[in-house]
K.L.:
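This is the structure I want to talk about, given as structure tokens.
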Protein chains: 2
Amino acid sequence: MPSTLGFAILAVLARGARTGYELTAVMGRPVGYFWTARHSQIHTDLQKLLADGLVRFEAEHGPGPQDKKVYHLTPEGMAALRAWVTEPPRARPERDELVLKTYASWLADPAEVAGLFRAQLALHEERIAQYESQQADFAETPSLGEPSFGNYAALWCGLSYERHRADWCRWMLARLDATPRADGLRAEGSSEDPRRDTGH
Amino acid sequence: MPSTLGFAILAVLARGARTGYELTAVMGRPVGYFWTARHSQIHTDLQKLLADGLVRFEAEHGPGPQDKKVYHLTPEGMAALRAWVTEPPRARPERDELVLKTYASWLADPAEVAGLFRAQLALHEERIAQYESQQADFAETPSLGEPSFGNYAALWCGLSYERHRADWCRWMLARLDATPRADGLRAEGSSEDPRRDTGH
DNA sequence: GCGACCATGTAACACGTTACATGATTGC
DNA sequence: GCAATCATGTAACGTGTTACATGGTCGC
């Protein structure tokens with residue numbers, strides 16, 4: 001069974017044949033939002049997929065010392081990918097360094113912690129703006145069965161995630177600015193409790 | 001410089017001396033929500049922290065062939081931890097298998113994809129209930145400077161995260177049930193667009 | 001007597017990152 | 001001529017998981 005990266009590669013190839021180089025590029029931008037890999041890892045994984053008969057390539061002598069290899073799915077590769085899609089994702093442990101820092105934040109100067117969260121909030125707000133503009137590029141929600149449905153759904157998730165994070169940063173800033181200093185500056189209003197409008 | 005796990009260990013030890021075994025236990029439940037490790041990794045990392053002079057231990061001959069070692073922070077360890085807290089977290093690439101599956105979901109039977117998301121939603125709802133009851137155990141928001149502030153803030157983040165995820169699952173289910181079948185069942189109303197009440 | 005819990009460690013392997021290594025084509 | 005882009009690969013290292021290995025105490 002391929003690794004998750006193997007399936008990520010299959011998922012990209014399901015949308016069209018690509019070279020290892022091109023796969024690396026999509027692992028940077030569109031797919032990179034939820035799964036990334038460097039070219040070194042992609043090339044080695046591609047060789048495993050090849051050995052398992054899930055992909056094949058046509059060699060066209062491109063630039064450089066080696067042939068350029070355009071990979072595409074085999075019927076077995078497509079079948080493996082389809083079967084994988086609906087299997088439950090295998091749970092990977094959460095690892096979140098910011099939350100870990102927060103766990104230890106009682107040890108630090110609140111003003112410095114606030115600086116950390118202000119920087120983090122700025123990052124999230126930037127990404128929100130970026131995702132919103134990407135979302136606006138979709139004339140309407142793509143329907144199931146088109147590849148772009150996958151893009152749209154992933155984007156929705158990313159946007160929702162960034163907003164949750166931004167909310168949390170604002171909540172932290174409100175706590176952090178509220179207590180110890182009296183220098184006038186404090187974060188403007190944001191939701192005080194996550195239980196607000198989520199329903200039920 | 002210690003690894004992130006090293007700092008996680010320091011963060012736990014800042015709240016009180018612990019054996020490697022006890023550290024493993026907290027990496028399971030409270031801290032495990034945002035950083036985990038197995039005992040094998042904890043023991044080896046503890047040896048690195050020891051070599052760097054960030055922790056020390058008192059040996060009490062406990063059960064088993066070896067001595068029981070109760071670790072505590074050194075002043076250098078505490079200083080390193082305090083300095084680390086307010087440094088920006090080093091960015092680790094997102095890796096989210098469910099979103100990856102979603103990206104490829106246009107290939108699969110919508111009914112089966114819906115099954116996947118229903119199972120996922122159930123998981124999130126369970127965690128929401130669990131976190132809510134944990135939140136209710138706090139009489140009031142702990143103030144900065146107490147260790148429990150870290151616990152409370154991390155819990156707030158986790159709760160907000162689970163709600164965002166559950167929302168996304170509901171949105172997916174609404175899409176998935178809406179289109180292809182006509183068997184009467186469809187997901188009840190949930191937010192249709194993540195841009196709703198987040199402000200700005 | 002048996003299983004759960006306490007307690008520490010090592011080794012092999014999988015996954016991921018960084019760095020090393022090569023070289024042609026295209027645009028400035 | 002130089003830099004960017006296209007294109008493929010290997011090696012060393014760090015991090016994390018699984019499995020191996022040992023053995024005492026306590027409650028049933």
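Chain naming here is simple, since letters A, B, ... match the order of the sequence lines and numbering starts at 1 in each. Small disclaimer: the values here were computed from a predicted structure and weren't measured.
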K.L.:
Should we count CD of A/Gln130 as having more than 12 external heavy atoms under 6.0 Å?
P.N.:
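Yes, because the 6.0 Å sphere around CD of A/Gln130 holds more than 12 heavy atoms from other groups.
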
K.L.:
Within a strict 4.5 Å, meaning less than it, do heavy atoms of the A/Thr141 and A/Trp156 side chains meet?
P.N.:
no

K.L.:
What is the distance, to the nearest angstrom, from the CG atom on A/Asp67 to the C1' atom on D/dG9?
P.N.:
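After rounding, the reported distance stands at 13 Å.
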
K.L.:
Can you tell whether the side chains of B/Arg170 and B/Glu125 come within less than 4.0 Å, N to carboxylate O?
P.N.:
yes

K.L.:
Which ones in residues 15-25 of chain A lie close to DNA chain D, meaning a heavy atom under 4.0 Å from one of its atoms?
P.N.:
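Going residue by residue through residues 15-25 of chain A, the ones with a heavy atom under 4.0 Å of DNA chain D turn out to be A/Thr19, A/Gly20, A/Tyr21.
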
K.L.:
For B/Glu126, does the CD atom have more than 12 heavy-atom neighbours from other residues, nucleotides or ligands under 6.0 Å away?
P.N.:
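Open.
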
K.L.:
Could you identify which residues of residues 29-47 of chain B place a heavy atom less than 4.0 Å from some atom of DNA chain D, listed by residue number, or say none?
P.N.:
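By residue number: B/Trp35, B/Arg38, B/Ser40, B/Gln41.
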
K.L.:
Nearest to the side chain of A/Lys68 - C/dC15, D/dT17, D/dA7?
P.N.:
D/dA7

K.L.:
Less than 6.0 angstrom from the centroid, inside 45 degrees of the normal: does A/Arg15 satisfy that with respect to the ring of B/Tyr103?
P.N.:
yes

K.L.:
State plainly whether the residues B/Asp96 and B/Arg165 are in salt-bridge range, i.e. N to O under 4.0 Å.
P.N.:
yes

K.L.:
Taking NZ from B/Lys69 and P from C/dA7, how many angstroms apart are they, rounded to a whole number?
P.N.:
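So the two atoms are 13 Å apart, to the nearest Å.
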
K.L.:
Going by atom types alone, do B/Ser160 and A/Asp167 pair a side-chain donor with an acceptor below 3.5 Å?
P.N.:
no

K.L.:
Measure CE/B/Met27 against P/D/dT17 and give the value in whole Å, please.
P.N.:
12 Å

K.L.:
Could you say whether B/Arg90 or A/Arg90 is positioned toward the 5' end of DNA chain C, judged by the nucleotide with the nearest heavy atom to each?
P.N.:
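Going by which nucleotide is closer to the 5' end, it is A/Arg90.
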
K.L.:
Within this structure, what is the CZ-to-P distance between B/Arg95 and C/dA14, rounded to whole angstrom?
P.N.:
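Atom CZ in B/Arg95 sits about 18 Å away from atom P in C/dA14.
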
K.L.:
How close or far is atom P of C/dA7 from atom CZ of B/Phe57, stated in whole angstroms?
P.N.:
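B/Phe57 atom CZ is separated from C/dA7 atom P by 15 Å.
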
K.L.:
What is the distance from CD of A/Glu58 to P of D/dA7, rounded to the nearest Å?
P.N.:
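Checked: the CD to P distance equals 15 Å.
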
K.L.:
State whether B/Glu132 and B/Arg163 are salt-bridged, where the test is any N-O pair (Lys NZ or Arg NE/NH1/NH2 against Asp/Glu carboxylate O) under 4.0 Å.
P.N.:
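Salt bridge: yes.
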
K.L.:
Rounding to an integer number of Å, can you tell me how far B/Leu49 CG sits from D/dT15 C1'?
P.N.:
15 Å

K.L.:
Answer yes when A/Arg82 and B/Glu112 have at least one side-chain N-carboxylate O distance shorter than 4.0 Å, and no when they do not.
P.N.:
no

K.L.:
Write down the distance between CZ (A/Arg92) and P (D/dT18), rounded to a whole number of angstrom.
P.N.:
12 Å

